[in-house]
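Small disclaimer: the values here were computed from a predicted structure and weren't measured.
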Amino acid sequence: MKPIIDQLKECIRSHPAVLNSSIGKIRIWKRTQFIVLSEIITEALSKSEFFKDEKTSSISSMTLQRLFDESYMKKVTPDLRFLKTLDKLAIFLGHPSLNSFLAFQNGTNEKTETSENNLPCPFEQLIQDFCQEELNCLQQLPSVSLGNINDYIFEESPLYNRILDTLTKFSNRNISIAKSKKQSFFEVFDCKLISVDEDLMILSAKESWNLEWQNGEEETLNLYNKINRQTYFIKQQGNHWKIWDNYNPDCSSLISEVMEETEKKMVL
C-alpha cells in the first residue's frame, strides 16, 4: 500500500493547482495547509467529469493530514472507505479512477520491468474461487445463502457484510438471476500485484461479468454485461490468507439499476 500512497502524495504536491496555491512552496504541511489542500481538492472534484456524486465530493483536511502522516499510515488497515478516498485523489489528479492512475503510473515504467514482475500473480486462484462462490450465492436468490464464501473472505470483514446486505436487499424484492451458464457467468484475467506487506497484499484484476437479473416470475429485469478492473485487499490472520475487501467501481450502480427496474415493474 505504501508505494501507492507515496505515488499519490508526490503527484498531489506537484499538481499545478497545489503548486500555484498558498501552500505550493511550503515544505512541511501542517493543519492549516491541509485545510487549504482540502478546499483545492473539493473544488476540483466538484468540476471533474469523472466524479458524479456531488454529495461526497469532499475530503476532510483531517483525512488528508492522516494520509500524509507516515506514522499513522503504518497503523492503517485499508478498507473500502479508505480505497474510495484514494479513488477521489486519483480523480483530482485527472484520472477516471485509482485503477486508471495505477495503470498510468505502471505504464511509464514498462521498459524497466524485471522478469519478477511477469511472474504469475499470487492468490489469483483465490480470486477465481471467490468469484465462483459469489456467483453461486447469487444463483440461490431469492433465498439468502452465503454458502462456502467464508472459505475465501473473513467473516468479520467489510466485504462479507456488504455481500450479505446486498443479497438481503435482492431477496426482499424477490429478485434472482438466471442460472444457465449461458446467461450468468464471469471471467477473471489480467491479475496484477500492486503492493506487498507482511500481512497484506493488494491485487487488481480485470473481471467480465454477465448477469441476467429476473423477478420472481422469471421476467428479465436487467441485462448486466460489463468488464472492469477490481482491486482486492488480501490479509493474513493467523496462518490464513483471505480477502478482506474489494473495490468494484460498478457495484453501487449495478444494484441501483436493478432496483430501479423493479420499481418500474411494480408501478406498471
Side-chain angles (χ1 to χ4, degrees), residues 1-106 108-109 156-159 161-162 194-204 231-237 244-249 251-252:
M1 174 56 71
K2 188 177 183 300
I4 298 175
I5 303 299
D6 289 343
Q7 286 179 346
L8 284 167
K9 290 193 295 186
E10 181 181 352
C11 292
I12 289 169
R13 282 189 172 274
S14 60
H15 191 282
V18 176
L19 288 176
N20 296 327
S21 72
S22 60
I23 66 174
K25 295 182 180 179
I26 299 176
R27 188 172 63 87
I28 299 177
W29 287 348
K30 297 183 179 179
R31 183 173 180 273
T32 301
Q33 284 71 50
F34 285 109
I35 291 174
V36 174
L37 180 61
S38 173
E39 292 172 351
I40 292 172
I41 292 175
T42 299
E43 182 180 2
L45 290 177
S46 67
K47 298 177 181 178
S48 173
E49 62 178 312
F50 302 125
F51 200 83
K52 307 301 181 183
D53 190 354
E54 297 180 1
K55 295 181 180 179
T56 59
S57 63
S58 63
I59 301 178
S60 73
S61 59
M62 185 62 70
T63 296
L64 290 169
Q65 190 167 358
R66 289 171 177 170
L67 192 70
F68 276 75
D69 184 344
E70 295 285 345
S71 61
Y72 176 81
M73 289 310 303
K74 291 178 181 178
K75 305 173 185 177
V76 169
T77 299
D79 58 16
L80 185 62
R81 288 185 304 170
F82 182 79
L83 194 57
K84 285 183 176 179
T85 297
L86 302 190
D87 208 44
K88 291 180 185 179
L89 294 178
I91 292 173
F92 165 68
L93 295 171
H95 298 271
S97 65
L98 176 62
N99 287 330
S100 176
F101 170 80
L102 294 174
F104 177 80
Q105 293 296 110
N106 293 334
T108 59
N109 297 319
E156 68 274 20
S157 70
L159 181 56
N161 293 327
R162 200 160 61 250
I194 296 176
S195 176
V196 179
D197 289 326
E198 185 176 346
D199 57 358
L200 175 70
M201 286 198 179
I202 304 175
L203 289 73
S204 73
T231 305
Y232 286 85
F233 293 87
I234 300 176
K235 289 178 61 176
Q236 183 182 36
Q237 290 186 359
W244 179 257
D245 212 342
N246 95 315
Y247 176 57
N248 177 354
C251 181
S252 58

Enquirer: Grab the two heavy atoms, one from Val18 and one from Arg13, that are nearest each other, plus how far apart they are.
Expert: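 Minimum heavy-atom contact is CG1-O, 4.0 Å.
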Enquirer: What are the two closest non-hydrogen atoms of Phe101 and Cys11, and how far apart are they?
Expert: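 Result for this residue pair: CE1-SG, 3.9 Å.
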Enquirer: For the atom pair CG (Leu64) and CD (Gln33), what is the distance rounded to the nearest 0.5 Å?
Expert: 12.5 Å
Enquirer: Sequence neighbours excluded, which residues qualify as side-chain contact (heavy atoms from CB on, under 4.5 Å) partners of Thr63?
Expert: Ile59, Ser60, Thr85
Enquirer: If every non-hydrogen atom of Ser157 is compared with every non-hydrogen atom of Trp244, which pair is closest and at what distance?
Expert: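 It is CB-O, 3.2 Å.
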Enquirer: Hey, are the side chains of Leu45 and Lys88 touching, using non-hydrogen atoms and a 4.5 Å cut-off?
Expert: yes
Enquirer: What is the distance from atom CD of Glu49 to atom CD1 of Ile91, rounded to the nearest 0.5 Å?
Expert: 10.5 Å
Enquirer: Any non-hydrogen side-chain atom of Arg162 less than 4.5 Å from a side-chain atom of Asn246?
Expert: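 Yes. Closest side-chain heavy atoms under 4.5 Å.
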Enquirer: List the residues meeting salt bridge (charged side-chain N to carboxylate O under 4.0 Å, His left out) with Glu43, not counting sequence neighbours, and say none if there are none.
Expert: Lys47
Enquirer: What closest approach, in Å, do Ser97 and Ala90 show between heavy atoms, and which atom pair accounts for it?
Expert: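 For Ser97 and Ala90, the tightest heavy-atom pair comes out as O-CB, 3.5 Å.
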Enquirer: Is a side-chain N or O of Asp69 found less than 3.5 angstrom from the main chain of Gln65, in a donor-acceptor match?
Expert: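 No.
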Enquirer: Just wondering, do Leu8 and Leu67 contact through their side chains at under 4.5 Å, heavy atoms?
Expert: no
Enquirer: Are any of the side-chain heavy atoms of Leu37 and Ile12 separated by less than 4.5 Å?
Expert: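 In short, these two side chains touch, coming nearer than 4.5 Å.
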Enquirer: If you compare all heavy atoms of Pro158 against all heavy atoms of Asp245, which two are closest, and at what distance to 0.1 Å?
Expert: CB-OD2, 3.5 Å
Enquirer: Roughly how far, to the nearest 0.5 Å, is the OG atom of Ser61 from the CD1 atom of Ile41?
Expert: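 So the gap between those two atoms works out to 10.5 Å.
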Enquirer: Quick one: are Glu10 and Asp6 in side-chain contact, heavy atoms under 4.5 Å?
Expert: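 No. Closest side-chain heavy atoms not under 4.5 Å.
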Enquirer: Among residues at least two apart in sequence or on other chains, which ones pass ring-ring contact (aromatic ring centres under 6.0 Å, His included) with Phe92?
Expert: His15
Enquirer: Restricting to non-hydrogen atoms, name the atom on Ile23 and the atom on Trp29 that form the minimum distance, rounded to 0.1 Å.
Expert: O-NE1, 3.2 Å
Enquirer: Looking only at atom types and distance, does a side-chain atom of Asp87 sit under 3.5 Å from a main-chain N or O of Leu98, one as donor and one as acceptor?
Expert: yes
